[in-house]
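Quantities reported herein were computed from a predicted structural model and do not represent experimental measurements. For the numbers below, each heavy atom of this structure counts, side chains included, while hydrogens, waters and symmetry mates do not.
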Amino acid sequence: MAAANYLQSEDQFLCSICLDVFTDPVTTSCGHNFCKNCITEHWNTSNRCLCPICKEGFTTRPGLRVNTFISEMVAQFRQSAQQKASSSSSEQQVSKPGEVPCDVCTGTKLKAELGKTEAEIQQMIQKRRLKIQEIKHSVDLSEEDADREIAEGVQVFTSLKESVERGLNELINTIKEKQKTTEKQAEAFIKELEQEISELMKRSTEVEQVLRSEDHLHLLQSVQSLNIQQPPPTKDWTEVSVRPSSYEGTVVKAVVQLEETLSEEMKKLAESELKRVQQYAVDVSLDPDTAHPDLILSDDGKQVNDSDVRKNLPDNPERFSYCACVLGKQSFSSGRFYFEVQVKGKTNWDLGVVRESINRKGIITLSPENGYWIIWLRNGNEYKAAAGPSVLLSLKSPPQKVGVFVDYEEGLVSFYDVDAAALIYSFTGCSFTEKLFPYFSPGLNYGGKNSSPLIISPVRVN
């Protein structure tokens, strides 16, 4: 029973991160306790501020203060543990060398050792239970994401299906209306022609009857009274015709309208997608130890531009010596992250992410094979993705701010035009095995034509 009470008391003071007794215990707003250093380090290396136990998210990092009540309880627990350890040590010293310990002493020692073993086992069990909770929570989050994606997909495709059906019905109705107009015109002409035929047949009958007359006086009188020598008034049908309806462009117009609808849906999807990835925004700053000597970095580490003047800086291993570029201080080896960079007013720039082991000395070949997932601007209007070989990008308008999103486990790097909420390009199926660093190159100054800096901007979710 004593061992059980001891274990129960110790479990109450174990940090779920280091699995040791609390040091400077702090309590999050969700009610869970951690060592202050453990939770701080956990959040420093994580994309989002989440409780490691219940996964509750915090929009801003909570201010942590030591929980004095738990701290005092931990201190009492440690004092009690030290007293027990001291008492156990004293009992062991009672036996003199050469003496055979009694069964009671041996049993006491064995119980103590078993209690320690059981405590270790309980710690292992607790650690694995926490891992099970973490895995189950991850599955729940994944299921929620899947359900949301399915619902959004059903909504979009239902809307598109309705648009297609509506467009098809309008197309069929348009064609039928044209055909109906042609038929009505033809029917009117036919009716008029039949009426004239009827008049002509009537005159023909009259002429035949006169012709059968043997009385010349009667013949003369009939001709004069009926004026049968002249045909009845009729229309000149020489230039009259019914032209088949023209359907050229009808289907094309319907498809164009469908494309406009699809474009609107794509824009809505892009806006929704951008808002989702912006939730993974991280605070990125420039690392001066990696900056090429020609570059000028702002004091806050958020801006960089080329000076055309080389500074005398130490050629440390991290520094780029040939290409005018710089890396972010922050690295990422798991999860998702996102940052935005203002490129307004520039004619040349490179942006993206790179792996830690890239070549930083000499000429650089930008490609995924060499550890670069980059897009760039050249000559003010030439946008390309360094896909090895490069891919020319057709953009409707020059982006003023570019968003960079990475899903490490998914192997995805995507670039967005933030203001237009449009996807610029995605590298998919990537295989990341190293730390990834944000990568920036403001391009050469070109006598002031490209002097505007690249600016790491705070992410604002609309």
Query - Donor-acceptor under 3.5 Å (Arg319 side chain, Pro314 main chain) - result: yes
**Report entry** Main-chain N/O of Ile375 paired to Lys384 side chain as donor or acceptor, under 3.5 Å
**Finding:** no
Query raised in the report: Does any N or O in the side chain of Ser159 come within less than 3.5 Å of the main-chain N or O of Gln155, such that one atom is a donor and the other an acceptor?
Result: no
Requested in this report: Look only at the side chain of Lys311 and the backbone of Leu295, and say whether a donor-acceptor pair between them is shorter than 3.5 Å.
Outcome: yes
**Report entry** Glu382 backbone acceptor or donor facing Asn379 side chain under 3.5 Å
**Finding:** no
Query raised in the report: Tyr280 vs Phe405 aromatic rings, parallel, tilted or perpendicular, using cut-offs 30° and 60°?
Result: tilted
Requested in this report: Please list, chain by chain and in numerical order, all residues satisfying ring-ring contact (aromatic ring centres under 6.0 Å, His included) with Phe22, sequence neighbours excluded.
Outcome: none
Query - Trp237 side chain to Glu192 side chain, donor-acceptor N/O pair below 3.5 angstrom - result: no
Report task. Examine the side chains of Tyr416 and Glu273 and answer whether a donor and an acceptor come within less than 3.5 Å of each other. Result -> yes
Query raised in the report: Which of parallel (below 30°), tilted (30 to 60°) and perpendicular (above 60°) describes Phe432 and Tyr408?
Result: tilted
Query raised in the report: Do the side-chain N and O atoms of Asp145 and Ser142 include a donor-acceptor pair separated by under 3.5 angstrom?
Result: no
Query raised in the report: Are any non-hydrogen side-chain atoms of Leu327 and Leu286 less than 4.5 angstrom apart?
Result: no
Query raised in the report: Ser334: what forms a side chain to side chain contact (heavy atoms under 4.5 Å, CB included) with it, not counting sequence neighbours?
Result: Glu409
Requested in this report: Taking Thr158 for its side chain and Val154 for its backbone only, find out whether a donor-acceptor pair lies under 3.5 Å.
Outcome: yes
Report task. Could you check whether the rings of His32 and Phe34 sit parallel, tilted or perpendicular, using 30° and 60° as the cut-offs? Result -> tilted
Report task. Consider only side-chain N and O atoms of Gln76 and Glu72, and report whether a donor and an acceptor are under 3.5 Å apart. Result -> no
Query raised in the report: With Arg336, which residues qualify under salt bridge (Lys or Arg N to Asp or Glu O under 4.0 Å), at least two apart?
Result: Asp407
**Report entry** side chain to side chain contact (heavy atoms under 4.5 Å, CB included) involving Glu170 - partner list, sequence neighbours excluded
**Finding:** Arg166, Gln257
Requested in this report: For Gln126, enumerate each residue passing the side chain to side chain donor-acceptor pair (under 3.5 Å) test, keeping only those at least two apart in sequence or located in another chain.
Outcome: none
Query raised in the report: If you measure from the Lys or Arg side-chain nitrogens to the Asp or Glu carboxylate oxygens, is any gap between Lys329 and Asp289 under 4.0 Å?
Result: no
Query - Test side chain to side chain contact (heavy atoms under 4.5 Å, CB included) applied to Gln185 - qualifying residues, sequence neighbours left out - result: Phe189, Val242
